[in-house]
Student: 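Could you have a look at this structure, given as structure tokens, before my questions?
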Amino acid sequence: EPTGTKENNMNSQETVQALMDSVQRGDFDNAKTLLSDDFQFKGMIRRPISGKTWLKMSASLKMAFAGLNYHFKVDSAKGNVVNTTSQMTGNNRGAFDLTGLHMGVISATNKNFSTARENHTITVKNEKVSSWVVEPTEGAGLMEILKQLDVKPSMI
């Protein structure tokens with residue numbers, strides 16, 4: 001089926017916007033409905049993670065950080081590929097559960113963090129998000145957050 005029509009663009013962009021809004025709100029039940037069964041998130045750690053692991057991580061971030069803000073923004077869309085950015089800020093007020101990434105649970109540090117802006121490439125298939133790739137960015141990502149919190153993860 002041909003992509004690149006304005007209608008397709010809009011749908012992909014709306015799907016991605018809906019997913020970003022759900023994650024920002026902490027509505028992970030809704031977020032789950034927007035992910036394809038084979039969804040992969042790449043860029044948080046070295047290996048891609050599944051939708052289930054990514055949603056758990058996102059829920060864990062929400063619990064651990066007061067006022068967590070992703071500052072999500074859709075930049076452009078071409079066919080079923082949507083380019084977005086994020087820039088994360090928050091304050092670490094709760095335990096940060098990283099057991100899904102085999103890094104244990106990190107106690108609250110009460111420190112603030114603010115990451116650099118990251119670029120994302122998000123692919124939509126059949127109105128579901130199938131892939132979310134974060135471009136490696138200096139001063140951003142999970143390791144940067146842990147660094148700003150002065151946390152040394154036991155195992156990466």
Side-chain angles (χ1 to χ4, degrees), residues 12-77 81-125 128-156:
S12 296
Q13 205 167 315
E14 281 170 4
T15 301
V16 168
Q17 189 67 58
L19 177 58
M20 293 191 306
D21 290 347
S22 297
V23 169
Q24 178 61 58
R25 271 199 321 268
D27 182 352
F28 302 109
D29 289 339
N30 191 55
K32 190 178 179 203
T33 67
L34 296 164
L35 301 182
S36 68
D37 292 339
D38 60 353
F39 172 84
Q40 295 236 296
F41 184 91
K42 300 181 182 102
M44 186 180 285
I45 54 171
R46 280 188 211 102
R47 64 182 193 284
I49 58 177
S50 69
K52 192 176 168 190
T53 303
W54 180 68
L55 288 170
K56 254 180 85 166
M57 272 296 312
S58 301
S60 172
L61 275 165
K62 188 86 182 159
M63 301 263 300
F65 296 97
L68 179 65
N69 196 332
Y70 289 90
H71 303 280
F72 283 128
K73 192 171 153 299
V74 172
D75 268 359
S76 63
V81 176
V82 181
N83 296 303
T84 68
T85 61
S86 71
Q87 189 269 315
M88 291 174 69
T89 56
N91 181 290
N92 181 210
R93 297 241 186 249
F96 190 14
D97 184 350
L98 291 171
T99 49
L101 301 178
H102 309 290
M103 292 198 273
V105 177
I106 292 157
S107 306
T109 60
N110 292 312
K111 291 192 166 95
N112 292 314
F113 79 91
S114 179
T115 64
R117 204 174 73 143
E118 296 177 297
N119 294 311
H120 310 256
T121 305
I122 302 176
T123 307
V124 179
K125 272 196 307 216
K128 302 258 190 196
V129 175
S130 60
S131 154
W132 185 323
V133 180
V134 181
E135 216 173 88
T137 304
E138 191 66 38
L142 181 62
M143 294 304 124
E144 177 62 24
I145 293 172
L146 296 178
K147 196 171 108 185
Q148 290 187 27
L149 301 178
D150 276 337
V151 168
K152 310 247 181 307
S154 49
M155 198 180 139
I156 312 249

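Note that this is a predicted model, so its numbers are computed, not measured.
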Student: Do other residues, nucleotides or ligands put more than 12 heavy atoms under 6.0 Å from Arg117 CZ?
Tutor: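 Incorrect, the count does not exceed 12.
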
Student: Do Asp38 and Ser130 come within less than 4.5 Å of each other through their side chains, counting heavy atoms only?
Tutor: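 A side-chain contact under 4.5 Å exists here.
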
Student: How close do Pro48 and Lys42 get, heavy atom to heavy atom, and via which atoms?
Tutor: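 Smallest interatomic distance, heavy atoms only, reads CB-CG, 3.7 Å.
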
Student: Could you state the interatomic distance from CH2 (Trp54) to CG (Leu101), rounded to the nearest 0.5 Å?
Tutor: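 Between Trp54 CH2 and Leu101 CG, I get 13.5 Å after rounding to 0.5 Å.
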
Student: Who are the side chain to side chain contact (heavy atoms under 4.5 Å, CB included) partners of Ser60, not counting sequence neighbours?
Tutor: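 For Ser60 the side chain to side chain contact (heavy atoms under 4.5 Å, CB included) partners, ignoring immediate neighbours, are Phe96, Asp97.
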
Student: State, to 0.1 Å, how close Ser36 and Lys128 come at their nearest heavy-atom pair, and which atoms those are.
Tutor: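 For Ser36 versus Lys128, the nearest heavy atoms are N-CB, 3.7 Å.
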
Student: Would you call the rings of Phe72 and Tyr70 parallel, tilted or perpendicular, taking 30° and 60° as the class edges?
Tutor: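 Plane angle under 30°, so parallel.
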
Student: Within the structure provided, determine whether Asn69 and Gln24 are in side-chain contact (heavy-atom separation under 4.5 Å).
Tutor: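 In short, these two side chains touch, coming nearer than 4.5 Å.
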
Student: Look up atom CE in Met20 and atom NE2 in His71, then write down how far apart they are to the nearest 0.5 Å.
Tutor: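 The CE atom of Met20 sits 13.0 Å away from the NE2 atom of His71.
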
Student: Measuring from atom CD of Gln40 to atom OG1 of Thr53, what distance do you get when rounded to the nearest 0.5 angstrom?
Tutor: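 Taking CD in Gln40 and OG1 in Thr53, the distance rounds to 10.0 Å.
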
Student: With respect to Phe113, which candidate in Ile145, Asn92, Leu146 satisfies the side chain to side chain contact (heavy atoms under 4.5 Å, CB included) definition?
Tutor: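 Passing option: Ile145.
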
Student: Any sub-3.5 Å donor-acceptor pair from Asn30's side-chain atoms to Lys32's backbone N or O?
Tutor: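 Pair absent, no side-chain N/O of Asn30 close to backbone of Lys32.
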
Student: OG of Ser50 to CZ of Phe39: how many Å apart, nearest 0.5 Å?
Tutor: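 With rounding to 0.5 Å, OG (Ser50) is 9.0 Å from CZ (Phe39).
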
Student: Any donor-acceptor pair under 3.5 Å linking the side-chain atoms of Ser76 with those of Asn83?
Tutor: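 Checked: Asn83/Ser76 side chains pair up, N/O donor to acceptor below 3.5 Å.
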
Student: Using side-chain heavy atoms (C-beta onward) and a distance below 4.5 Å, is Leu19 in contact with Leu35?
Tutor: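 Side chain of Leu19 against side chain of Leu35, heavy atoms only: contact under 4.5 Å found.
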
Student: Consider side chain to side chain contact (heavy atoms under 4.5 Å, CB included). Of Thr84, Val74, Thr15, Val133, which one does Ile122 pass it with?
Tutor: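 Among the candidates, only Thr84 passes.
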
Student: Could you check if a side-chain atom of Gln87 sits within less than 4.5 angstrom of a side-chain atom of Ser114, using non-hydrogen atoms only?
Tutor: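 A side-chain contact exists here, since the closest heavy-atom pair is under 4.5 Å.
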
Student: For the CD atom of Glu118 and the OG1 atom of Thr85, what is their distance to the nearest 0.5 Å?
Tutor: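 Reported to 0.5 Å precision, the distance equals 9.5 Å.
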
Student: Less than 4.5 Å apart, side chain to side chain, heavy atoms only: is that true for Phe41 and Met57?
Tutor: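 No. Closest side-chain heavy atoms not under 4.5 Å.
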
Student: Of all heavy-atom pairs between Ala31 and Val23, which one has the smallest distance, and what is that distance?
Tutor: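 Closest approach of Ala31 to Val23, heavy atoms only: CB-CG2, 4.4 Å.
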
Student: With sequence neighbours excluded, what pairs up with Lys73 under the side chain to side chain donor-acceptor pair (under 3.5 Å) test?
Tutor: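 Lys73: side chain to side chain donor-acceptor pair (under 3.5 Å) contacts with Asp75.
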
Student: List in chain and number order the residues that pass side chain to side chain donor-acceptor pair (under 3.5 Å) with Glu135, two or more places apart in sequence or in another chain; answer none if no residue qualifies.
Tutor: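 Glu135 satisfies side chain to side chain donor-acceptor pair (under 3.5 Å) with no residue once adjacent residues are dropped.
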
Student: Decide yes or no for Thr99 and Val105: does some side-chain heavy atom of the first lie under 4.5 Å from some side-chain heavy atom of the second?
Tutor: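 When only atoms from C-beta onward are counted, Val105 and Thr99 do touch, with a gap below 4.5 Å.
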
Student: Nearest 0.5 angstrom please: Glu144 CD to Met88 CE, how far?
Tutor: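 Output value for this atom pair is 11.5 Å.
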
